[in-house]
Amino acid sequence: MKSTQRKRSNEIHYGSTDKALHVTTDQATSMKDQVVDLIEQSIRAIQAEGMLPEGELPKPQVDHTRDPKHGDLATNAAMVLAKKAGMPPRDLAAAIIERLPQNNMITKCDIAGPGFINFHISQASNIAVVETILTTSEEYGRSNEGQGRRVQVEFVSANPTGPLHVGHGRGAAIGDALCRLLDNAGWSVHREFYYNDAGQQISNLALSVKARIDGVEPGDTTWPADGYQGDYIKDVATAYQNKQTVNAADRTVTASGDAVDVANIQAFSVAWLRREQDEDLKAFDVNFDCYFLESSLYTSNAVEKTVETLIDNQFTYEQDGALWLRTTDFGDDKDRVMRKREGGYTYFVPDVAYHHNKWERGFERVINEQGADHHSTITRVRAGLQGLKTDISEGWPEYVLHQMVTVMRDGEEVKLSKRAGSYVTLRDLIDWVGRDATRYFLTARAATSQLTFDIDLALSKSNENPVYYIQYAHARICSVQRKALEQFGQWTAADGIQHLELLNSSEEQSLALVLSKYPEVLAGATKRLEPHAVANYLRDVAAEFHSFYNAHKIMEADEGISLARLALATATQQVIASGLRILGVSAPEAM
RNA sequence: GCGCCCAUAGCACAACUGGAUAGUGCACGUGCCUUCUAAGCAUGAGGUUCCAGGUUCGAGUCCUGGUGGGCGCGCCA
């Protein structure tokens with residue numbers, strides 16, 4: 001597996017196969033890690049005996065089994081190493097088992113199929129995760145892999161020409177979940193929103209508002225070409241005429257009301273739509289540390305300097321009156337124009353300058369969450385950065401691209417077109433199905449998959465949204481805890497730890513097992529930048545809990561059993577609340 | 001024509017990045033509320049993982065070539 005991530009000061013290889021999944025926390029080592037350790041010891045012993053060559057060997061895998069008949073954990077070590085050892089996998093498996101160090105966690109291990117080694121874990125070891133969860137509390141699932149290093153995540157980055165649409169919503173949901181995952185893994189996360197407040201699109205915006213002020217409507221002969229036709233343009237015009245003051249997150253503008261002052265109209269319109277987007281984001285509970293203006297790259301001369309450096313480094317040439325960047329030197333399929341014949345720069349030039357700025361701000365990692373329709377910019381931006389001849393590595397910045405969101409309404413597709421002015425907004429979704437369901441739907445699927453958001457379905461079945469399944473488990477646990485308070489008076493989850501050995505049913509054991517996977521699920525989701533894994537995992541946790549809940553009464557006659565089950569339920573509650581927090585979904589105490 | 005992404009049950013999607021008998025939710029069949037929340041549980045049916053080759057102990061996953069869909073391929077952003 002190859003990864004062209006960073007090569008600056010601290011060496012990190014996110015793609016490396018070993019260690020990458022190692023959960024670096026101070027908490028008790030997981031069952032899986034312990035088994036990995038045992039197998040490694042055994043293999044070293046075999047190497048010492050000369051049955052396996054010294055030096056580097058293929059890395060065996062240890063996985064949770066799908067089928068309980070295969071025990072709890074399984075390794076392919078014997079199959080992977082059979083060739084090196086020159087012996088049949090099953091024979092090698094026997095040798096590995098023979099040399100496993102003594103331990104009280106494994107009750108049985110056997111050889112199965114082509115040479116798998118299956119490990120059966122004792123119930124006591126399995127249920128012990130409940131104690132780990134309760135005692136490490138909010139630390140459970142956290143790691144310190146990031147070690148406080150700085151990562152910047154740029155997402156949404158919508159231009160202020162209209163309210164956010166569902167595509168932005170997907171970006172907001174995924175981007176924010178990525179931030180929460182990285183924060184959970186010990187990174188210092190900086191959320192940034194980049195937008196253009198001065199280009200052609202913004203001129204069109206100002207002209208559209210001015211047209212509305214002048215009483216011109218879309219379709220009239222004097223309506224501006226490429227004007228924004230949405231009704232919100234009328235609202236901006238009215239607010240402007242009323243000389244309103246607009247407070248957006250990053251700017252405040254008061255309208256003069258002067259119908260011919262295009263500069264003021266433009267400034268006011270940008271602020272008005274920025275505020276509109278702020279409200280969309282607020283309704284979605286997404287916040288940013290910084291709003292970065294494309295225009296600032298011009299006023300600071302960053303764009304000029306970038307161009308000069310690229311010229312000095314001889315990656316450019318003049319042709320047909322334009323200035324070209326030899327992006328083909330860096331894997332592009334054709335060279336790209338930087339400076340147009342009439343003088344202006346193409347859009348990717350400030351983009352390069354912007355990313356150089358990010359680099360100079362010291363972000364060790366930068367992750368850009370964008371719609372897949374912008375994927376062609378990746379090559380250009382990276383090529384531009386390489387052309388600057390700094391020590392930026394080829395794979396910097398990283399990208400997470402989400403595929404299109406198709407919105408179905410009344411059985412037909414609604415085209416997402418900001419310029420046409422007719423599209424479903426993020427706020428529409430939130431109003432219809434709620435923030436939690438919107439967040440969940442938009443993060444529960446892999447970013448690489450196209451997403452069909454069927455509004456009619458979401459409307460008609462709003463009570464059957466999968467997010468409620470998870471929230472319901474949380475609310476149920478809260479309800480039981482309230483009952484326990486009535487029954488026991490003073491009571492804490494820790495009281496049940498000493499009775500955990502009473503939890504020997506398959507439902508209780510299965511629930512504990514799924515809870516024990518939480519740290520590695522988070523580690524995997526963080527490493528692969530795939531928050532949807534968390535959503536899927538939470539559904540599994542909820543399913544195991546509901547099964548447990550239906551099979552066993554928590555508040556039993558026997559106090560020890562009650563306390564033990566309360567401990568298990570509380571550990572479950574903690575994991576669900578933690579996972580939902582990463583997705584930005586609330587964990588209600590009652591439903 | 002070229003590049004990127006995708007193709008898995010009727011529908012929408014998973015599958016711990018190469019592991020054992022491919023799972024979950026809707027929808028469909030059958031049971032379960034006098035008992036901590038039935039927004040729940042149990043159970044059944046539903047599959048040639050788009051097609052054809054290849055790599056190896058082993059392929060939904062990797063490689064090659066097709067087919068079908070989305071996006072991009074501008075001196076627009």
Side-chain angles (χ1 to χ4, degrees), chain A residues 1 17 21 61 63-67 69-70 74-76 78-80 82-83 88-89 112-116 118 159 161 196 199-202 226 294 320-324 332-334 336-348 350-351 371-379 401-404 406 441 444-452 454 457 461 463-469 471-473 475-484 486-487 517 520-521 524-525 528 532-533 535-537 539-540 542-543 545-556 562 565 569 590-591:
Chain A
M1 176 164 252
T17 47
L21 272 180
Q61 236 177 305
D63 289 316
H64 293 280
T65 59
R66 268 185 202 158
D67 188 340
K69 283 178 199 142
H70 299 137
T75 183
N76 60 357
M79 280 130 71
V80 174
K83 201 166 266 181
F116 287 102
N118 293 332
N159 283 341
T161 56
N196 179 359
Q200 187 60 44
Q201 288 188 21
I202 302 301
D226 300 323
E294 183 182 318
D320 303 330
L323 182 69
W324 296 70
D332 206 350
D333 55 346
K334 58 172 104 163
R336 306 290 167 176
V337 169
M338 292 175 67
R339 193 197 299 124
K340 296 178 260 186
R341 214 174 328 177
E342 60 266 30
Y345 293 112
T346 55
Y347 75 96
F348 86 92
D351 238 17
D373 54 336
H374 291 100
H375 80 260
S376 62
T377 71
I378 296 176
T379 313
L401 301 181
H402 64 261
Q403 295 290 323
M404 298 287 105
T406 309
F441 268 107
R445 285 156 179 45
T448 50
S449 296
Q450 287 162 230
L451 176 60
T452 304
D454 189 330
L457 189 72
K461 307 195 170 190
N463 280 348
E464 291 172 22
N465 282 330
V467 63
Y468 292 123
Y469 184 74
Q471 292 181 314
Y472 187 54
R476 266 184 157 175
I477 294 166
C478 293
S479 174
V480 177
Q481 289 171 334
R482 286 190 291 268
K483 177 155 177 138
E486 280 174 28
Q487 200 161 319
K517 294 177 185 172
E520 61 193 84
V521 167
R528 293 189 291 272
H532 78 276
N536 292 327
Y537 169 76
R539 201 200 45 223
D540 292 345
F545 174 77
H546 287 308
S547 292
F548 157 68
Y549 181 90
N550 275 275
H552 305 282
K553 197 156 163 31
I554 293 173
M555 298 308 295
E556 271 287 1
S562 297
R565 287 180 182 158
M591 288 174 74

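Protein chains get the first letters and strands the later ones, always in sequence-line order, with residue 1 at the start of each.
Here A:Phe348 lies out of heavy-atom contact (under 4.0 Å) with every strand. Using a 4.0 Å heavy-atom distance criterion, A:Gln200 is classed as making no nucleic acid contact. Heavy atoms of A:Ile378 sit nowhere under 4.0 angstrom from any nucleic acid atom. Residue A:His64 is in base contact, counting any heavy-atom pair closer than 4.0 Å across all strands shown. Within the 4.0 angstrom heavy-atom criterion, base atoms lie near A:His375. Using a 4.0 Å heavy-atom cutoff across all strands shown, A:Asp320 reaches at least one base atom of the nucleic acid. Across all strands shown, A:Ala484 has no heavy atoms under 4.0 Å from either base or sugar-phosphate atoms.
When both distances must be under 3.5 Å, the Watson-Crick or G-U wobble mate of B:C16 does not exist. With a 3.5 Å ceiling on both atom-pair distances, the Watson-Crick or G-U wobble partner of B:C62 is B:G54. Pair check for B:A42 finds B:U30; Watson-Crick or G-U wobble, both atom distances under 3.5 Å.
Considering only side-chain atoms of A:Gln201, the nucleotide from B:C41, B:G19, B:A77 that sits closest is B:A77. Closest to the side chain of A:Thr346, from the set B:C75, B:A39, B:C71, is B:C75. Residue A:Lys483 has its side chain nearest to B:C36 when only B:U37, B:A15, B:C36 are considered. The side chain of A:Arg66 lies closest to B:A20 when the candidates are B:A77, B:C75, B:A20.
Residue-to-nucleotide contacts include no donor-acceptor pair under 3.5 Å from the side chain of A:Asp333 to the base of B:G3. Taking 3.5 Å as the limit, the base of B:A20 and the side chain of A:Asn118 contain a donor-acceptor pair of atoms between them. Residue side chain A:Gln61 does not reach the base of B:G18 through any donor-acceptor N/O pair under 3.5 Å, judged by distance alone. With hydrogens and angles left out, the side chain of A:His374 and the base of B:G72 share no donor-acceptor pair within 3.5 Å. With hydrogens and angles ignored, no donor-acceptor pair closer than 3.5 Å exists between the side chain of A:Tyr468 and the base of B:A39.
Residue A:Lys334 places none of its side-chain N or O atoms closer than 4.0 Å to OP1 or OP2 of B:C2.
Interatomic distance, NE2 of A:His532 versus OG1 of A:Thr448, reported as 7.5 Å (0.5 Å rounding).
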